[in-house]
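Notes for the one structure printed next.
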Amino acid sequence: MTHKLALIGFGNVGQGFAEILRDKKEFLYETEELTTKIVAIADINKGSIYHPDGLDISTVLDVLEGTGTIENYPACEGLMTGWNSLKTIQETNADTIIEVSFTDVNTGQPAIDYCKAAFNSGKNVVMTNKGPVALAFKELMELARRKGVYWGFEGTVMSGTPALRMPVTTLAGNEITEIRGILNGTTNYILTKMEEDGISFKEALKQAQELGYAEADPTNDIEGYDARYKIVILANYLMGANLNVKDVICKGITNLTLKEIETAKMERKRWKLLAKATKRGEQICASIAPEKVELLDPLASISGAVNAVTYECDLLGPVTLSGAGAGKRETGFSLLIDLISIHRQTLSNHNR
Ligand code: HSE
């Protein structure tokens, strides 16, 4: 079976994903028997195209690079242009929606409505948008289950590093009693640079922006809001919590001084912006705050834009996972692994 995909949004991550599908086409077939077709792409700035038989990825990328809009894709019979995101979700022949559009971080919209429209049309969704997962997890998960479709969101926490998939698969059977993580690359980069190079917060933030780690509005990174979304996703998905983003105590790193960073060094400690979720009895509390971490703690050695998370497991003890937290290919991969999961499920249902 060929998976037919519609991409909602075609920024860095969407393009990264398309490139992976193009570049690894043979490998994915040989190793997973996975075949895909991108049938539609809808992007608010770059235009919208749909062909029920599939689009040529290289042509789409070339046309976009050359003209700034995908609507200059060579005209051919059956090609449709100008469909908006909702129409693309509801009316194309895609079976899986790759949702990588811009999300309002306060409301999670329009991506929440896109997910609902897809589920109600019997379509799977895989996404990297944190908003819907952090703000409407229960409602969307229930709807996806009711409609018998797959909802994948590996890329919302630590990009393609399996922060969600590893605990639910290979740590299954453990109760996770605490999650502690460095879930934001920008702030970890800033703290690393302040400590290692002695540069100011402002200078380090400028570098993080130039390197493309920071969100469009870096307030979300430096004030801890991005990490707060991620800890809510982890706690709700992995610990069965029912946390609201607004209930999570959140303190960023804007007030940390070079002097405090130097002092921690002398104490054989290191400042990290820690995202934590802790189970006490039936209660789960979460917080985001800078903390001085002992150098022996695995999280202390995580430097630069790398992310890491420690799961405290009742059977296995602490398990720490580290890896990329952002990036075009790394986040593109998160969409691929969700798609591979859909494919494996389809195959196993088929073989039953
Ligand atoms: N701005 C985020 C970070 C990108 O710095 O980690 C990934 O969510």
Side-chain angles (χ1 to χ4, degrees), residues 9 11-17 98-106 108 111 126-135 137 152-165 179-194 201-235 237 245 248 250-254 256 271-276 288-290 299 302-309 321-338:
N12 214 26
V13 173
Q15 291 176 41
F17 174 64
I98 310 292
E99 210 293 320
V100 282
S101 72
F102 174 78
T103 308
D104 179 316
V105 288
N106 295 312
V126 305
M127 67 195 312
T128 54
N129 267 334
K130 297 170 259 260
V133 195
L135 299 170
F137 176 71
F153 41 85
E154 182 67 69
T156 57
V157 184
M158 289 174 68
S159 68
T161 308
L164 303 179
R165 192 162 265 104
I179 299 174
R180 287 168 77 239
I182 294 169
L183 301 179
N184 180 268
T186 302
T187 43
N188 205 53
Y189 178 87
I190 293 172
L191 294 175
T192 304
K193 286 287 159 185
M194 286 173 78
F201 173 85
K202 229 172 132 186
E203 176 57 27
L205 171 60
K206 199 168 143 249
Q207 285 185 14
Q209 283 176 299
E210 281 162 7
L211 289 164
Y213 302 139
E215 298 287 309
D217 176 359
T219 316
N220 287 322
D221 297 295
I222 59 182
E223 295 294 355
Y225 306 146
D226 173 69
R228 178 166 65 168
Y229 268 144
K230 293 168 179 167
I231 198 69
V232 168
I233 294 171
L234 290 176
Y237 185 54
V245 169
V248 176
C250 185
K251 188 170 174 224
I253 61 163
T254 44
L256 265 188
W271 283 100
K272 292 291 174 196
L273 182 65
L274 284 194
K276 286 205 283 196
I288 305 293
L299 295 182
I302 304 301
S303 65
V306 176
N307 285 192
V309 62
L321 172 72
S322 73
K328 183 178 180 183
R329 240 172 137 69
E330 296 82 346
T331 313
F333 164 69
S334 74
L335 297 163
L336 176 67
I337 189 62
D338 280 337

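Note that ligands are numbered from 1 as they come in the structure, with each ligand's atoms numbered from 1 the same way. Sequential numbering from 1 along the given sequence is applied to the chain's residues. Quantities reported herein were computed from a predicted structural model and do not represent experimental measurements.
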Study note, to complete from the structure: The closest protein heavy-atom partner of atom 2 (C) of ligand 1 is Glu215 OE2, 3.2 Å
Point to revise | Asp221 neighbourhood, listing ligand 1 atoms whose heavy-atom distance to it stays under 4.0 Å | key: 1 (N), 2 (C), 3 (C), 5 (O)
Practice item. Compare all side-chain heavy atoms of Phe201 with those of Leu256 and state whether any distance is below 4.5 angstrom. Key: no
Practice item. Considering the heavy atoms of Asn184, write down every atom of ligand 1 situated less than 4.0 Å from one of them. Key: 2 (C), 3 (C), 5 (O), 6 (O)
Point to revise | Non-hydrogen atoms of Ser334 and Thr128 that approach each other most closely | key: OG-CG2, 3.6 Å
Revision key, fill the gap. Value for CG (Asp338) from CD1 (Ile98), rounded to nearest 0.5 Å, stands at 8.5 Å
Practice item. Output all residues satisfying side chain to side chain contact (heavy atoms under 4.5 Å, CB included) with Ala305, sequence neighbours left out; order by chain, then residue number. Key: Tyr213
Exercise for review: Among all protein heavy atoms, pick the one closest to atom 6 (O) of ligand 1 and tell me residue, atom and distance.
Suggested key: Gly185 N, 2.8 Å
**Study point:** Ser322 and Thr161, any side-chain heavy atoms less than 4.5 Å apart
**Key:** no
**Study point:** Closest protein heavy atom (residue, atom, distance) for atom 5 (O) of ligand 1
**Key:** Thr186 OG1, 2.6 Å
**Study point:** Under 3.5 Å: N/O of Lys130 near N/O of ligand 1
**Key:** yes
Practice item. For ligand 1, find out whether one of its N or O atoms is nearer than 3.5 Å to an N or O atom of Gly325. Key: no
**Study point:** Shortest non-hydrogen separation from Asn188 to Lys272 and the atoms involved
**Key:** OD1-NZ, 3.0 Å
Review point. Quick one: does ligand 1 sit under 4.0 Å from the side chain of Thr187, the backbone, both or neither, non-hydrogen atoms only?
Key: neither
Review point. When rounded to the nearest 0.5 angstrom, what distance separates CG in Asp226 from CG in Asp217?
Key: 11.5 Å
**Study point:** For Lys230, the ligand 1 atoms whose distance to one of its heavy atoms is below 4.0 Å
**Key:** 6 (O), 7 (C), 8 (O)
